[in-house]
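Below, chains carry the letters A, B, ... as their sequence lines are ordered, and counting in each starts from 1.
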There are 2 protein chains.
Amino acid sequence: MNTIEALSMEELRRQFNRTGLRFTPQREAVWRIFEGNPDGLTISQVTVILAPQKIGQATVYRTIRALQDMGYLKWVHEQTGEHRFVVSRSGHSHMLVCRVCSKAVECSDCDLSVLEKLIARQTGFTVEGHHLEFFGLCPDCS
Amino acid sequence: MNTIEALSMEELRRQFNRTGLRFTPQREAVWRIFEGNPDGLTISQVTVILAPQKIGQATVYRTIRALQDMGYLKWVHEQTGEHRFVVSRSGHSHMLVCRVCSKAVECSDCDLSVLEKLIARQTGFTVEGHHLEFFGLCPDCS
DNA sequence: TTATTAAATGATAACATTTTTCATATAGAG
DNA sequence: CTCTATATGAAAAATGTTATCATTTAATAA
Ligand SMILES: [Zn+2]
Ligand SMILES: [Zn+2]
Ligand SMILES: [Zn+2]
Ligand SMILES: [Zn+2]
């Protein structure tokens with residue numbers, strides 16, 4: 001399933017620095033929250049969790065955007081349409097979300113090349129990428 | 001490509017009534033806006049367009065939600081992550097969106113069954129459905 | 001280690017989006 | 001036409017997001 005190792009804090013720091021960004025205690029705290037919640041969290045949830053530590057919402061927004069840009073977070077949809085952010089250990093991948101318990105699982109097996117070619121031929125589009133989410137029931141809820 | 005005929009107003013009215021909802025001039029106006037904009041619109045765009053006709057934003061929100069629930073509107077993502085709603089003429093389909101001109105095309109060819117089975121086997125999930133969007137360049141922008 | 005400096009922080013305000021409220025209007029049924 | 005539950009719009013309230021800016025601090029290099 002092509003899973004990548006868990007990311008060490010030092011590696012994450014290097015990734016931030018490589019992009020010209022600083023790795024601050026606040027950013028570390030945001031990352032820890034996501035690591036501790038593999039099924040993902042909405043921005044408002046993270047904000048609430050980190051409020052007691054006096055981490056401002058602006059910092060939460062900024063950090064989540066940075067982690068997204070670096071590919072460490074992906075989003076999936078709540079039933080409400082709200083975006084929930086989930087740690088991703090893989091470059092390109094898809095998320096499976098349980099509609100009952102909201103469990104999220106990443107799946108990096110992806111061969112849409114045949115479908116992309118078919119669609120390109122039919123529509124004349126140059127297909128550059130895609131976003132794919134699966135909904136269903138996790139093993140426990142099945 | 002399994003496209004369904006354009007929906008007549010009377011059919012749409014029946015669909016509303018079937019669901020126990022009423023078909024009002026406001027709801028018709030919202031639908032016309034979407035029909036006239038095949039590449040889709042965000043909620044705020046619809047709100048602005050219908051403001052001169054004194055159609056309130058609450059009505060726009062309520063109507064878009066209803067049309068979504070009935071399957072006549074699907075959403076795709078702006079670069080901003082904002083949702084843009086697009087008329088769907090097909091039960092299950094995917095959208096292709098041009099990253100340059102935002103042109104949206106529906107594509108109802110979809111065989112993800114092999115991939116879904118593979119993922120089901122690997123993860124133990126019961127896969128019930130998916131949301132798939134393609135990004136790229138339309139013929140004009142290629 | 002320390003000095004330097006550009007980037008990050010958080011409080012607040014500004015702005016934007018979405019939902020609720022409720023008095024009034026009206027679609028649809030009979 | 002009458003009746004009634006539903007829908008409407010205006011406004012307010014609630015939520016969500018971004019911008020501002022004085023202050024702090026991470027990273028770099030001496
Ligand atoms: Zn979305
Ligand atoms: Zn579950
Ligand atoms: Zn993929
Ligand atoms: Zn285009």
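Between the C1' atom of dG16(D) and the CD1 atom of Ile64(A) lies a distance of 13 Å, rounded to the nearest Å. Counting to the nearest Å, the C1' atom of dA7(D) and the CH2 atom of Trp31(B) are 20 Å from each other. At whole-Å resolution of the value, CD1 in Ile55(A) and P in dT9(C) are 9 Å apart. Rounded to whole Å, atom C1' of dT8(D) lies 14 Å from atom CG of Leu50(B). One can place CZ of Arg27(B) at 13 Å from C1' of dG9(D), the figure rounded to the nearest angstrom. Going from atom NE2 of His83(A) over to atom C1' of dT17(C) covers 15 Å, rounded to whole Å. Rounded to whole Å, the distance from CD on Gln68(B) to P on dT18(C) is 12 Å. Counting to the nearest Å, the P atom of dA8(C) and the CD atom of Glu28(A) are 16 Å from each other.
Within the 4.5 Å cutoff, the side chain of Val46(A) has no heavy atoms near those of the Thr63(A) side chain.
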- prompt: In B/S/- notation, 5' to 3', how is nucleotides 18-30 of chain D contacted by protein heavy atoms closer than 4.0 Å?
  reply: BB-----BBS---
- prompt: Ser90(A) and Ser88(A): side-chain hydrogen bond (donor to acceptor under 3.5 Å, both in side chains), yes or no, with the steps?
  reply: CA-CA 6 Å; Ser90(A) 169; Ser88(A) 167; 5.5 Å; no
- request: Assess whether side-chain hydrogen bond (donor to acceptor under 3.5 Å, both in side chains) is satisfied between His77(A) and Glu82(A), documenting all intermediate values.
  value: CA-CA 6 Å; His77(A) 288 97; Glu82(A) 197 180 5; over 6 Å; no
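For residues 41-68 of chain B, there are no salt bridge (charged side-chain N to carboxylate O under 4.0 Å, His left out) pairs, not counting sequence neighbours.
The aromatic rings of His130(B) and Phe134(A) sit perpendicular to each other, their planes meeting at more than 60°, with 30° as the lower class boundary.
A centroid separation of 6.0 Å or more is found between the aromatic rings of His94(B) and His131(A).
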